[in-house]
Undergrad: 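If you scroll down you'll find the structure; I have some questions about it.
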Protein chains: 2
Amino acid sequence: MKESLLIDNLSIDCVIFGFDEGKLKALFIKRNTEPCKGMMSLPGGFVYVDEDLTHVPARRLKDLTGLKNVFLREVGAFGKIDRYPERRVITIGYYALINSSDYKLDVGADAQDVRWISVDEVPELPFDHTEIFDAALIKLRKHVRYEPIGYNLLPEKFTITQLQTLYEAILNKKIDNRNFRKKLAKIGILKDLKEKQKNVSHRAANLYSFNKKKYETLVEKGYTFDF
Amino acid sequence: MKESLLIDNLSIDCVIFGFDEGKLKALFIKRNTEPCKGMMSLPGGFVYVDEDLTHVPARRLKDLTGLKNVFLREVGAFGKIDRYPERRVITIGYYALINSSDYKLDVGADAQDVRWISVDEVPELPFDHTEIFDAALIKLRKHVRYEPIGYNLLPEKFTITQLQTLYEAILNKKIDNRNFRKKLAKIGILKDLKEKQKNVSHRAANLYSFNKKKYETLVEKGYTFDF
DNA sequence: TCAAAAGTGTTGTCGCTACACCCATGT
DNA sequence: ACATGGGTGTAGCGACAACACTTTTGA
């Protein structure tokens, strides 16, 4: 990115979801500048004049986690007059889904400044970040019903149980295991890798990967994925 | 609105849908300033520094049609670098649903500058307005499946046939009349006004109004309205 | 009495829900 | 052999799709 001007009244904020220890979590960073220095907040950033808007969250994700080609969705625009204390700033909210095993937090210098927090333990946030976060979570819950995007939160190879636990965490309810498997089998978006887990102290589960082609066909047809 | 500064790099654009002559239409205005003077375009506007973002489309709607409390939904942010030719402007797209019998176009001086155009006859548009328009139509089609928002396009009192024609126009397909009525009866979002049409040269249809309470309950439950 | 739109029921199919037990593996 | 999670089938019910004729009204 070459040196260029930031547009100072337009920012983005990003809710980065991850799935770890059977829980849906989001990534927060501790603000190291005023205003609200010291509070945990959503990672955000400003737009360069010569940068596409959609590039901004992608760039921030890369800076923060090193990840590229992250799944990103727009949450919406947030533009109340006083949402930012110092001047008028309108922000576009996004959410990202990342596989948190691709991004284990550094235990180095900055470790205490970046944290995964379970979505039901999110602390008070600065500005309107609580509103943005809530909107993101609502959108995510809505979107997983209509598109099987959840796999973005899992490693390349995963088990059906992992996928189910994920859906249970997102939707915050128990799902019947047999029905879950049946439905997956019917829609056929999983590729059986004919591989098993290793080194687990119980029956080894089959591993699957995600079939994007099939997924796209289904989304076009307006399929719904209710569990 | 008192005199105050416009934020010159942030605008809104609005796709205003109406339903007339059995067709889904959108409102376009002829640009009377450069750039792209003379082309039909989406009505848009800039944000005042002391004005909430969501107020902008509402204000524009009011200016343009005289209507207040219009149903508005955000379509998304559009922020390609060169989307606007003269300087960097990021725009937030909205769509509005209005009852076009509340707003019959003036046949006065400005008449040729504002036009309802059927959604499948939309001409070439300036900037990225085609992209915004397409996104709005896609969102509308998606939204009517999950929320019975269509009634916003109809007068206060309407017949089931009108509602059906509307859905057919939005979804662009024929719907079975008996199944449509059955489904409506089951979900119970219509209030039977025990009134009939007048002065029609055929059997007078029953009039209904919309039951918002019920609607809200249903939306919370995540009901889907497939036809 | 004709034209034009309103309104009404039934049947078959498909998909969802609910529900309990055996299997494979490591310790 | 036991503990742990993996993986499987069926029956009943409710929702949806397909389908054609009678009713009301004004002209």
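All of these numbers come straight from a predicted model, not from anything done at the bench. Letters A, B, ... are given to chains in the order of the sequence lines, protein chains preceding strands, and every chain is numbered from 1.
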Undergrad: Using chain B heavy atoms and a threshold of under 4.0 Å, write down where along DNA chain C the contacts begin and end, 5' to 3'.
TA: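 Footprint of chain B along DNA chain C, 5' to 3': dA4(C) to dT10(C).
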
Undergrad: From Leu184(B) CG over to Phe225(B) CZ, what is the distance, rounded to the nearest 0.5 angstrom?
TA: 9.5 Å

Undergrad: Checking Glu195(A) now: which residues fulfil side-chain contact (heavy atoms from CB on, under 4.5 Å) with it, not counting sequence neighbours?
TA: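 Residues passing side-chain contact (heavy atoms from CB on, under 4.5 Å) with Glu195(A): Lys157(A), Leu193(A), Leu207(A).
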
Undergrad: Run the side-chain hydrogen bond (donor to acceptor under 3.5 Å, both in side chains) test against Arg83(B) and tell me which residues pass, sequence neighbours left out.
TA: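 Scan of Arg83(B) (side-chain hydrogen bond (donor to acceptor under 3.5 Å, both in side chains), adjacent residues dropped) gives Asp128(B).
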
Undergrad: Considering non-hydrogen atoms only, spot the tightest contact between Gln164(B) and Asn177(B) and give its length.
TA: OE1-ND2, 2.8 Å

Undergrad: So do Asn206(B) and Thr159(B) actually touch side chain to side chain, heavy atoms under 4.5 Å?
TA: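 Result no, sub-4.5 Å side-chain heavy-atom pair not found.
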
Undergrad: If you take any heavy atom closer than 4.0 Å to DNA chain C, which residues from residues 197-208 of chain A end up in contact?
TA: Val200(A), Ser201(A), His202(A), Arg203(A), Ala204(A)

Undergrad: For residues 151-169 of chain A, which residues have at least one heavy atom under 4.0 Å from DNA chain D?
TA: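 Going residue by residue through residues 151-169 of chain A, the ones with a heavy atom under 4.0 Å of DNA chain D turn out to be Thr161(A).
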
Undergrad: With rounding to the nearest 0.5 angstrom, report the CZ to CG distance, Arg145(A) to Leu171(A).
TA: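 Answer for the CZ-CG pair, Arg145(A) versus Leu171(A), is 8.5 Å.
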
Undergrad: So if I take residues 173-192 of chain B and measure heavy-atom distances to DNA chain D, which residues fall below 4.0 Å?
TA: Asp176(B), Arg178(B), Asn179(B), Lys182(B), Lys183(B), Lys186(B)

Undergrad: Only pairs under 3.5 Å count here: list side-chain donor-acceptor contacts from residues 63-72 of chain B, not counting sequence neighbours, and write none if there are none.
TA:
unit_1: Thr65(B); atom_1: OG1; unit_2: Leu61(B); atom_2: O; d: 2.7
unit_1: Thr65(B); atom_1: OG1; unit_2: Leu67(B); atom_2: N; d: 3.1

Undergrad: Ignoring hydrogens and angles, write down the donor-acceptor pairs under 3.5 Å from the side chains of residues 146-154 of chain B, residues two or more places apart or on other chains.
TA:
unit_1: Glu147(B); atom_1: OE1; unit_2: Arg73(B); atom_2: NH2; d: 2.7
unit_1: Asn152(B); atom_1: ND2; unit_2: Ile149(B); atom_2: O; d: 2.8

Undergrad: Which residue pairs satisfy the salt bridge (charged side-chain N to carboxylate O under 4.0 Å, His left out) criterion with at least one member in residues 172-189 of chain B, sequence neighbours excluded?
TA: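 For residues 172-189 of chain B: Glu168(B)-Lys174(B).
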
Undergrad: Do the side chains of Glu74(B) and Lys139(B) get close enough for a salt bridge, i.e. N-O under 4.0 angstrom?
TA: no

Undergrad: Counting only heavy atoms not in Gln197(A), do more than 12 fall under 6.0 Å of its CD?
TA: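 Yes, the 6.0 Å shell around CD holds more than 12 heavy atoms from other groups.
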
Undergrad: Among residues at least two apart in sequence or on other chains, which ones pass side-chain contact (heavy atoms from CB on, under 4.5 Å) with Asp20(B)?
TA: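 Per chain and number, Asp20(B) pairs via side-chain contact (heavy atoms from CB on, under 4.5 Å) with Lys25(B), Ser100(B), Lys104(B).
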
Undergrad: Any chance you could measure Glu124(B), atom CD, to Thr130(B), atom OG1, to the nearest 0.5 Å?
TA: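 Here the rounded value is 7.0 Å.
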
Undergrad: Strictly under 6.0 Å, is that where the ring centroids of Tyr208(A) and Phe158(A) end up?
TA: no

Undergrad: From the 5' end of DNA chain D to its 3' end, which nucleotides mark the outer limits of contact with chain B, defined by a 4.0 Å heavy-atom distance cut-off (strictly under)?
TA: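 Nucleotide range in contact with chain B: dC16(D) to dA27(D).
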
Undergrad: Using the side-chain hydrogen bond (donor to acceptor under 3.5 Å, both in side chains) criterion, which residues pair with Asn199(A)? Sequence neighbours excluded.
TA: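 Not a single residue meets the side-chain hydrogen bond (donor to acceptor under 3.5 Å, both in side chains) criterion with Asn199(A).
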
